[in-house]
Amino acid sequence: MIQDTTASMAEWRVKLRSTLGDDIVLSESDEMLPYCRDWHGDVTSNAVAVLRPRSTEQVAQAVKLCSELGLSIVPQGGNTGLVLGAVPDADANQVVLSLERMNRIRQIDADDFSAVVEAGCILSELKDAIAEKEMFFPLALGAQGTCRIGGNVSTNAGGINVLRYGMTRELIFGLEVVLPDGSIFDGLSTLRKDNRGIDLKQLFIGAEGTLGIITAVSVKLTPYPDQVATALLGLASLDDAIKLFRRARRDCCDLMSAFEFMPPLAFTLAKEAMPDLPIPIAADYPAYVLMEISGSGLVDIDDLMGRFLEAVMEEGIVLDGTLAASQTQARNLWLIREGMNEGQAKRGMHLRTDVSVKLSQLANFVAEAEKAVAEAVPGSTCVSYGHVGDGNVHLNVLPAAEAEPEQRLQQIYVAKGAINAVLDRYQGSISAEHGIGRLKRGDFEARLSPVRRHLLAALKQAIDPGMMMNPGCQLNFPANS
C-alpha cells in the first residue's frame, strides 16, 4: 500500500541509494534522460530515479522499498514501445525500473523445445542463441535488436509472424513476476499441458506492467526454418491483396509465415531513410504484398513458392513480382518494409495508428478511413500498411509538410478522431499489437463496456490496491468507478 510521505526528492534518492546501492540507482538528469524519453523522441519527462537491478531478488527489494517510500514504479524493458507505456508521467513521485541488466539466458532445452530467459534479454540475442541450437523463436519485430523479451510479453507484442505463430501470448509457457507487495510469483513451468485452474500468467501478459514486474519468461521454441522463400509482389488493389491472401492460405497452408501489404509510397519513404536501398520492382503499382513461406525438413519451400506464384500470375491476381534468390536479397526486401517506418519518422511528428478489423472488411475499412482523413485533414498523406493475414493495419497520417508544430498536433488529433469513428462502425480495435500505454488510455476507457471496466478495475484493486505499478498506463481508474 502506498503511504503518505512528505519526503523530498533528495531524501528519497538518498534512501534509495543507501538501501539499494549506488550501482543500482541513477539520479542525475543526464543519466536518466534515455529512460525518460520515448522511442521516437516525441515525449521527454523525468523521474525521481532510475533503478537498474541485476536479479529478481533486487527487483523485489526495490519494489518493497518504493512501497514504503510512497513511490510509484514504471517498469521498462528496451523502451521501444509506441504508446508511452514505459515512460514516467509524474516525475515528483515515480521511479523507472529498468530490466536491462537482467539479460541472462538461464536455460535452452533442445529436447523440450523451450528456453528460460530473463526479462531484459534483447530479443535478437535470444533468437540468435536459440538458432545456434537449431531452434527458432518466432517473435519478429522491427525493433528486435533493441527491444527486450519482458517488454514484448508485457505488451503482448505482435510482429510479422503472427499469421503463423500467433501473438506473444501464444509463445509463452510461464512467467516469473515480482508483485506490488514485493513477493515473487514463480510460474516458470515449461509444461505444454497444464490445466490446473486459472492460467495466472495470462493476467500479466499484455498488462503493460500495471499488475507486476515480469523478471523472467519461459518460451516455446520450434524447429529452425532453414528453408525460406520471400517474394515482393505488385497488385492492382488492396482487394486483390486480400484475394491473394485467401489463395495463399489454401495453397501454402500453415507454411506461410508473413503476408504484408504496402502502398507504393512505401518505396519513396524507404529510399528517404535508406538512399542506397535497392528497389527490385516498379514502384507504380497500386498495392504491394511482401510474402514469406518457410519450413524445415523434407518440405521443398522453393518449389512450393514457385508453383504458387506461377499460378496466381497466370490468373492475373499478381501483376509483377520478384523472388529473393539469397538471404541478402530477402533482407533487402524486408528493409523496404522497415525503411518505410524510418522514412515516416524523418518527415516529423505524425499519427501512428495500430488498428484491426475483420479480415473480410480490411479493404473497405482502409478505403473508408482514408477518405475520412482526406476530408477532415486536407493536405495530409495517409500511409496504410500492415499484416493482411490478421486484419491489422497501421493507418498512419503525415500532416502537410508546411504545417507548424501546433498545426501538426491539431491535424493528428483530428485525423485520429476520423479514423476511430470509422473503426467504431466496423467494430474494430484501437490497438492490434502496440498496447494501450498512456497514449491510448483515453480512447481505451471511452470504449470500455461497464462489465469489462468493472472486471479490470477489480483485478487491479486485488493485485495492486495501492495503484503503485505503472500508474497512468492502461488501467487508470479505481475499483468502484
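Count residues from 1 along the sequence. As the structure is a computational prediction, the values presented were derived from the model and not from experiment.
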*Asks:* Would you say the side-chain atoms of Asn79 and Asp38 include a donor-acceptor pair closer than 3.5 Å?
*Replies:* no
*Asks:* Between Asn93 and Ser72, is a side chain to side chain donor-acceptor pair (under 3.5 Å) present by the stated rule, with each step listed?
*Replies:* CA-CA 6 Å; Asn93 67 346; Ser72 298; 4.6 Å; no
*Asks:* If you measure from the Lys or Arg side-chain nitrogens to the Asp or Glu carboxylate oxygens, is any gap between Asp23 and Arg52 under 4.0 Å?
*Replies:* no
*Asks:* Can you say whether the rings of Phe259 and Phe245 are parallel (under 30°), tilted (30 to 60°) or perpendicular (over 60°)?
*Replies:* perpendicular
*Asks:* Looking at Ala92 and Met9, what are the two nearest heavy atoms and their distance?
*Replies:* CA-CE, 4.0 Å
*Asks:* Using a strict cut-off of less than 4.0 Å between a Lys/Arg side-chain nitrogen and an Asp/Glu carboxylate oxygen, indicate whether Glu132 and Lys127 qualify as a salt bridge.
*Replies:* no
*Asks:* If you look at every heavy atom in Arg438 and Leu84, which pair is closest and at what distance?
*Replies:* NH1-O, 3.0 Å
*Asks:* Can you give me the closest heavy-atom contact between Met468 and Cys66, atom names plus distance?
*Replies:* CE-CB, 4.1 Å
*Asks:* Is the closest basic N to carboxylate O distance between Glu338 and Arg331 below 4.0 Å?
*Replies:* yes
*Asks:* Determine, for Arg447 against Asp424, whether the closest basic-nitrogen to carboxylate-oxygen distance falls under 4.0 angstrom.
*Replies:* yes
*Asks:* So, Arg13 side chain and Val48 main chain: donor-acceptor pair closer than 3.5 Å or not?
*Replies:* yes
*Asks:* Please report the shortest heavy-atom distance between Gly209 and Pro75, naming the atom on each side.
*Replies:* O-CG, 3.8 Å
*Asks:* Keeping to residues at least two apart or across chains, list the side-chain hydrogen bond (donor to acceptor under 3.5 Å, both in side chains) pairs with something in residues 147-162.
*Replies:* none
*Asks:* Asp443 vs Lys416, test: salt bridge (charged side-chain N to carboxylate O under 4.0 Å, His left out). Steps then yes/no.
*Replies:* CA-CA 10 Å; Asp443 293 325; Lys416 183 183 75 168; 3.0 Å; yes
*Asks:* Test Asn341 against Tyr385 for side chain to side chain donor-acceptor pair (under 3.5 Å), laying out the working first.
*Replies:* CA-CA 10 Å; Asn341 291 335; Tyr385 60 98; 2.7 Å; yes
*Asks:* Under 4.0 Å between a Lys/Arg side-chain N and an Asp/Glu carboxylate O for Arg347 and Glu272?
*Replies:* yes
*Asks:* Please determine, by modelled atom types, if Glu370 and Ser384 share a side-chain donor-acceptor pair under 3.5 angstrom.
*Replies:* yes
*Asks:* Looking only at side-chain N and O atoms, does Glu208 offer a donor or acceptor that is under 3.5 Å from a partner on Asn470?
*Replies:* no
*Asks:* State whether the number of non-hydrogen atoms from other residues, nucleotides or ligands found under 6.0 Å of Arg192 atom CZ is greater than 12.
*Replies:* yes
*Asks:* Would you check if there is a donor-acceptor pair between the side chains of Tyr35 and Asn46 at a distance under 3.5 Å?
*Replies:* no
*Asks:* Quick one about Arg441 and Gln474 (side-chain donor to acceptor, distance below 3.5 Å, no hydrogens or angles considered), yes or no?
*Replies:* no
*Asks:* Regarding Glu176 and Thr56, is there a side-chain donor-to-acceptor distance under 3.5 Å anywhere?
*Replies:* yes
*Asks:* Between the side chains of His394 and Gln344, is a donor N or O closer than 3.5 angstrom to an acceptor N or O?
*Replies:* no
*Asks:* Looking at Met32 and Leu26, what are the two nearest heavy atoms and their distance?
*Replies:* SD-O, 3.7 Å
*Asks:* Does atom CD of Glu134 have more than 12 heavy-atom neighbours, drawn from other residues, nucleotides or ligands, at distances under 6.0 Å?
*Replies:* no
*Asks:* Check Glu170 with Lys220, please: is the shortest side-chain N to carboxylate O separation under 4.0 Å?
*Replies:* no
*Asks:* Measure across Arg196 and Leu191 and return the closest heavy-atom pair with its distance rounded to 0.1 Å.
*Replies:* NH2-CD1, 4.3 Å
*Asks:* Between Lys440 and Ile430, is there a donor-acceptor pair closer than 3.5 Å when you use the side chain of the first and the backbone of the second?
*Replies:* yes
*Asks:* Decide whether Asn420 and Arg425 meet the rule of one side-chain donor and one side-chain acceptor closer than 3.5 Å.
*Replies:* no
